[in-house]
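Each remark here refers to the structure printed beneath this line.
These numbers were taken from a predicted model, which means no experiment stands behind them. Chain identifiers are assigned alphabetically (A, B, ...) following the order of the sequence lines, protein sequences preceding nucleic acid strands; residue numbering begins at 1 within each chain.
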Amino acid sequence: MSQVRVRFAPSPTGSFHIGSARTALFNWLYAQHTGGKFILRIEDTDKERNTPEALQHLIDGMKWLGLLWDEGPEVGGDFGSYFQSERKDVYQVYLKKLRDTDRAYDKDGAVFFRLEGDRYQAYDNFKKCEVEKVKAEPQVINDLVRGKVERAEEQDFVIFRKNGEPVFHFVNVVDDICMQISHVIRGEDHLSNTSKHCELFKAFGHTPPEFAHIPLILKSHGSGKMSKRDEGALIDEYQSRNFLPAAVRNYLCLLGWSPKDDREVLPIEEIIQLFSLEGINKNNARFDEKKMSFINSEHLRHLPIDEFINLAKPILTAAKLIDENIDTDYLNSVLKICQEKVRSIDDLPSFCNYFFNEDFDFNEKAKNKILKKGEPKSRLTELLNAIEKLEKFDQVSLEELVQVLAGKFDVNTGAYIHTGRLAVSGTNAGPSFYGMLEVLGKEKTVNRINRLLEII
RNA sequence: GUCCCGUUCGUCUAGCCAGGUCCAGGACACAGGGUUUUCAUCCCUGUAACAGGGGUUCGAAUCCCCUACGGGACGCCA
């Protein structure tokens with residue numbers, strides 16, 4: 001069997017859409033799985049709508065997701081140019097082939113593709129006018145995802161616009177021929193276009209490639225496929241919100257495909273190994289931001305600590321919590337106890353600000369809840385006195401200390417933990433209490449308890 | 001309107017091709033509980049689905065047909 005060659009062929013008309021990203025991903029996965037080539041081809045035949053900014057967005061997004069291409073912009077290849085706007089000569093050659101076999105003709109200033117079959121007039125209820133239809137042979141594809149699909153074209157269609165530019169169906173097929181594409185993996189919205197494409201392939205004397213039409217991503221609420229205006233639809237959004245690219249990629253894999261063994265969070269190497277076109281679902285999938293966040297938090301928590309630290313540093317710097325003078329050991333110990341609890345890297349500054357800041361604010365809700373119950377002042381005083389006498393200020397000793405206190409004054413350990421946490425962090429949730437105190441150290445802990453005691 | 005595709009918990013899905021082991025499994029979300037340590041981690045429990053109808057069969061989530069519903073295409077956009 002000859003080498004697998006797949007392509008992702010976007011039109012850079014705006015931001016990088018999550019649906020496009022998944023199409024790119026599935027193509028990339030298949031290339032990786034089969035040891036084939038992944039080609040990036042830019043379909044910029046419509047000058048009005050394509051911009052260099054959009055192209056840059058797309059390239060950045062692809063790289064961010066780790067979907068690197070073997071041939072295409074920036075890397076070149078033997079089948080270029082990979083920009084359709086630079087392939088005009090090729091299209092003229094192929095247009096001539098159609099003219100020579102009488103499969104292309106001019107009408108209304110445009111060039112049409114001629115279907116073969118008996119012609120008849122019919123009223124088109126959609127276009128609300130009389131049109132010429134053709135009884136053409138149905139085109140049969142053996143879709144690798146959906147099985148046998150049959151559809152007949154019934155009208156000649158435009159292949160070159162009045163302005164001389166070729167249209168999508170034409171360039172798509174010509175380039176797939178020129179670039180020796182073996183498998184066309186694209187969204188199901190192209191399924192009904194496939195009959196046009198098959199007509200063209202055959203008119204050029206070519207066997208069509210294999211097709212795999214993948215399900216669409218539907219918007220999380222309401223009806224219809226996800227559009228660029230929907231929340232969560234753009235890859236840049238995840239970039240700017242500091243999602244982990246590996247997590248976004250992992251989630252996207254799960255939309256329409258699964259490893260079949262109840263696992264969800266898994267390394268890309270394993271996904272590559274398990275991936276198959278036959279394993280792709282037929283039905284559309286609804287986008288779920290909560291699940292995406294969950295997958296992201298799973299990846300975040302399982303990140304090697306060094307990577308977590310590297311990721312966290314710029315975020316904490318931007319939030320002005322740390323600067324280049326920060327004590328590295330201290331920072332590392334803070335991040336170590338925060339990693340297992342934090343859900344997203346964007347939450348990190350608000351999650352751990354009190355480690356770097358003595359006059360943090362108190363969370364009013366937490367404050368009211370904790371100070372309203374029991375005798376917080378007594379508990380804090382008892383805790384303070386005990387801590388001042390403590391020689392070894394570590395997790396184990398602190399836990400023992402609190403347990404002894406609880407026994408002595410006949411209260412739950414929670415009474416000390418709640419008030420103590422409020423004193424040192426200003427809130428009621430965070431990393432493990434004892435770990436937090438150990439990281440902060442005795443001096444800060446004592447000062448902070450005193451600070452709270454003064455205002456209650 | 002025409003054509004094409006689809007339909008398992010609210011959502012993503014496993015199971016379907018090779019019918020019995022499925023009174024349908026996992027995950028997110030939600031609800032409750034636990035960890036005599038808070039909590040956003042962790043653990044446990046719960047709610048919750050084979051779209052409907054017909055057929056084939058000893059037996060159907062699995063095979064066939066119909067209906068309903070959902071999605072897509074029908075651009076001199078891609």
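Nucleotide B:U57 is matched to nothing when pairs are restricted to Watson-Crick or G-U wobble geometry with both distances under 3.5 angstrom. The base-pairing partner of B:A48, taking Watson-Crick or G-U wobble contacts with both distances under 3.5 Å, does not exist among the strands shown. Across all strands shown, B:A18 forms no Watson-Crick or G-U wobble pair with both key distances under 3.5 Å. Remark: B:G6 base-pairs with B:C69; criterion is Watson-Crick or G-U wobble with both hydrogen-bond distances under 3.5 Å. The base-pairing partner of B:G1, taking Watson-Crick or G-U wobble contacts with both distances under 3.5 Å, is B:C74. Nucleotide B:U35 forms no Watson-Crick or G-U wobble pair with any nucleotide shown, as no partner meets the under 3.5 Å limit on both distances.
Residue A:H190 contributes atom NE2, which lies 14 Å from atom C1' of B:G75 at whole-angstrom precision. In this entry the distance linking CD of A:E43 with C1' of B:C77 reads 11 Å, nearest Å. Atoms CG (A:N363) and C1' (B:C39) sit 12 Å apart, rounded to a whole Å. Between A:R301 atom CZ and B:C39 atom P the separation is 16 Å, expressed in whole Å. Rounded to whole Å, atom C1' of B:G75 lies 16 Å from atom CD1 of A:I159. In this structure, the CE atom of A:M226 is 14 Å from the P atom of B:G72, given to the nearest Å. The nearest whole Å value for the distance from the CZ atom in A:F168 to the P atom in B:C76 is 13 Å. Atom NZ of A:K128 is separated from atom C1' of B:U2 by 11 Å (rounded to the nearest Å).
Using a 4.0 Å heavy-atom criterion, one finds that A:E298 contacts the sugar-phosphate atoms exclusively. Counting non-hydrogen atoms under 4.0 angstrom, A:D189 reaches the backbone sugars and phosphates but no base. Residue A:S223 is classed as a sugar-phosphate contact, given heavy-atom separations below 4.0 Å to backbone atoms only. Within 4.0 Å (heavy atoms only), A:F351 reaches at least one base atom of the nucleic acid. Residue A:G187 is out of contact with every strand shown, counting any heavy-atom pair closer than 4.0 Å. Contact annotation for A:G430: base contact, defined as any heavy-atom pair under 4.0 Å involving a base atom. A:F433 comes within 4.0 angstrom of a base, heavy atoms only.
Which of B:U41, B:G75, B:A73 sits closest to the side chain of A:K225 comes down to B:A73. Each of B:A78, B:C39, B:C42 was ranked by its minimum atom distance to the side chain of A:A429; first place goes to B:C39.
Between A:F356 and A:Y354, the distance separating the two ring centers is not shorter than 6.0 angstrom.
Under 4.0 angstrom from either OP1 or OP2 of B:A27 there lies no side-chain N or O belonging to A:R263. Remark: A:K127 is not in phosphate contact with B:U2, judged by side-chain N or O atoms under 4.0 Å from OP1 or OP2. Note on A:T45: a side-chain N or O is less than 4.0 Å away from OP1 or OP2 of B:A78.
Between the side chains of A:H169 and A:N172, no donor N or O sits under 3.5 Å from an acceptor N or O. Counted by atom type alone, A:Q139 and A:E199 present one or more donor-acceptor pairs between their side chains at under 3.5 Å. Side-chain contact annotation: A:Q403 with A:K408, donor-acceptor N/O pair under 3.5 Å absent.
To the nearest 0.5 angstrom, A:R249 atom CZ is 4.0 Å from A:I268 atom CD1. The line from CZ of A:R22 to CG of A:L65 is 13.5 Å long, rounded to the nearest 0.5 Å. Once rounded to the nearest 0.5 Å, the distance linking CD1 of A:I42 with CG of A:L58 reads 5.5 Å.
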For each nucleotide in nucleotides 4-22 of chain B, reading 5' to 3', give B when a protein heavy atom comes within less than 4.0 Å of its base, S when such contact involves only the sugar-phosphate, and - otherwise. SSSSS--SBSSS-------
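The aromatic rings of A:Y94 and A:F204 stand perpendicular to each other, their planes meeting at an angle above 60°, with 30° marking the opposite boundary.
Between B:G15 and B:G25, the two P atoms lie 15 Å apart (nearest whole Å). The P atoms of B:C66 and B:C4 are separated by 12 Å, rounded to the nearest whole Å. Rounded to whole Å, the C1' atom of B:C30 lies 12 Å from the corresponding atom of B:C9. Going from the C1' atom of B:A49 to that of B:C16 covers 16 Å, rounded to whole Å. Separation of the P atoms belonging to B:U62 and B:C17 is 10 Å when rounded to the nearest angstrom. Remark: the separation of the P atoms in B:A29 and B:U11 is 16 Å, to the nearest Å. Atom name P, nucleotides B:G19 and B:U57: the rounded distance is 16 Å, in whole Å. When the P atom is compared between B:C43 and B:C63, the two are found 36 Å apart, to the nearest whole Å.
A donor and an acceptor atom never sit less than 3.5 Å apart when one is taken from the side chain of A:K290 and the other from the base of B:C28.
In this pair, A:F126 lays its aromatic ring flat on the base of B:G1, centres within 5.5 Å and planes under 30 degrees apart.
Checking each of A:F287, A:F243, A:Y238 against A:Y251 for a ring-ring contact (aromatic ring centres under 6.0 Å, His included) leaves exactly one that passes, namely A:F287.
Side chain of A:T445 to backbone of A:G441: a donor-acceptor contact under 3.5 angstrom is found.
Each of A:K133 and A:Y434 lies near RNA chain B, and the nucleotide nearest A:K133 is the one positioned closer to the 5' end.
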